[in-house]
Amino acid sequence: MTNRPAWFTAAQQRAEAEAPNVPEPTIHPVEYVVSCLQSNNINFDLYAIRVQYRGDGRYAVIGLGDMCLGVDGTWDHGVKEYDRGDDWLDAHRFDLETALRLAKEQAPLVTVNGRTVSDALGLTGRRSASA
């Protein structure tokens with residue numbers, strides 16, 4: 001058992017006492033991961049496109065680190081709302097159905113260091129065959 005500071009123990013006890021009066025938790029699905037690779041593939045994260053909730057019923061399609069997909073099908077640097085105007089946000093935020101559709105369209109096109117999704121799938125197949 002760990003020795004916890006008195007303030008932590010007191011806060012934990014208070015939280016337990018107040019818990020019956022707190023509203024029931026809700027679940028907020030805030031991110032979807034779209035990929036042509038299976039989740040157990042060693043390269044899964046590299047080739048994944050993320051659809052992330054950004055508030056007001058709008059989602060961003062994120063790939064290759066911090067690249068954000070636009071309505072015109074091009075990728076743009078930066079995903080943070082505070083450094084963009086409303087026009088940029090309107091061109092880079094979608095309803096969930098549209099965001100998932102766009103992510104699925106883009107998933108087969110992902111390339112990492114010059115390697116395509118097909119390359120990643122082929123490399124994985126060769127590695128597992130030689131193991």
Side-chain angles (χ1 to χ4, degrees):
M1 181 169 210
T2 347
N3 289 333
R4 295 197 167 129
W7 64 265
F8 181 88
T9 303
Q12 189 66 37
Q13 289 171 345
R14 193 174 116 224
E16 289 172 10
E18 294 171 354
N21 301 318
V22 173
E24 185 174 336
T26 57
I27 298 170
H28 304 272
V30 295
E31 182 173 87
Y32 299 84
V33 180
V34 180
S35 180
C36 293
L37 279 63
Q38 296 298 313
S39 61
N40 63 350
N41 186 301
I42 192 168
N43 294 312
F44 177 77
D45 284 336
L46 293 173
Y47 287 84
I49 294 179
R50 288 172 164 64
V51 173
Q52 298 175 339
Y53 184 65
R54 295 304 171 111
D56 296 326
R58 301 194 325 167
Y59 292 78
V61 179
I62 309 298
L64 305 170
D66 73 342
M67 300 295 283
C68 192
L69 186 65
V71 70
D72 62 357
T74 61
W75 293 92
D76 195 6
H77 286 284
V79 296
K80 296 178 178 67
E81 289 82 3
Y82 61 79
D83 62 353
R84 304 297 182 162
D86 288 339
D87 289 341
W88 188 90
L89 290 174
D90 289 342
H92 293 83
R93 298 295 182 264
F94 312 95
D95 61 80
L96 179 58
E97 182 180 341
T98 302
L100 291 172
R101 178 180 53 78
L102 292 171
K104 286 178 75 174
E105 290 172 3
Q106 291 294 315
L109 307 176
V110 174
T111 59
V112 177
N113 295 328
R115 294 189 177 184
T116 66
V117 171
S118 295
D119 292 334
L121 292 168
L123 287 173
T124 303
R126 284 195 294 274
R127 285 185 187 150
S128 61
S130 64

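No experiment lies behind these values; they were computed from the predicted model shown.
Note: the hydrophobic cluster containing V112 also contains L37 (ILVMFWY, side chain heavy atoms under 4.5 Å, direct or indirect links). Linking Ile, Leu, Val, Met, Phe, Trp and Tyr whenever their side-chain heavy atoms come within less than 4.5 Å leaves L69 and L109 in two separate clusters.
Note that OH of Y32 is 13.5 Å distant from NZ of K104, once rounded to the nearest 0.5 Å. Atom CE of M67 sits about 9.0 Å away from atom NE2 of H92, to the nearest 0.5 Å.
Classification of E97 and R101 as a salt-bridged pair fails, no side-chain N sitting under 4.0 Å from a carboxylate O. Salt-bridge check for D45 with R50: passed, with a basic side-chain N closer than 4.0 Å to an acidic carboxylate O.
Taking all atoms of both residues into account, the shortest heavy-atom contact from A99 to V61 is O-CG2, 3.6 Å. Considering every non-hydrogen atom in both R54 and A60, the closest pair reads CG-CB, 3.8 Å. Between S35 and A107, the shortest heavy-atom distance links the atoms CA-CB, 4.4 Å. In this structure, W88 and H77 approach most closely via the heavy-atom pair CZ2-O, 4.4 Å. The two atoms that bring V117 and P108 nearest to each other are CG2-O, 3.8 Å, heavy atoms only. Here the closest non-hydrogen pair linking R93 and C68 is NH1-SG, 3.4 Å.
In the displayed structure, E18 atom CD is contacted under 6.0 Å by more than 12 heavy atoms of other residues, nucleotides or ligands. Counted within 6.0 Å of CG on D72, heavy atoms from surrounding residues, nucleotides or ligands total more than 12; the atom is thus considered enclosed.
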Set out, in order, the CA-CA distance, both residues' side-chain angles and the distance that settles side-chain contact (heavy atoms from CB on, under 4.5 Å) for L89 and R58, then state yes or no. CA-CA 10 Å; L89 290 174; R58 301 194 325 167; 3.6 Å; yes
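In this structure, the side chains of Y47 and N41 stay at 4.5 Å or more apart for every pair of heavy atoms. The shortest side-chain heavy-atom distance between V71 and F94 falls under the 4.5 Å cut-off.
When atom types are taken as modelled, the side chain of D95 and the backbone of T98 share a donor-acceptor pair closer than 3.5 angstrom. With hydrogens and angles disregarded, no donor-acceptor distance shorter than 3.5 Å links the side chain of T111 to the backbone of G114.
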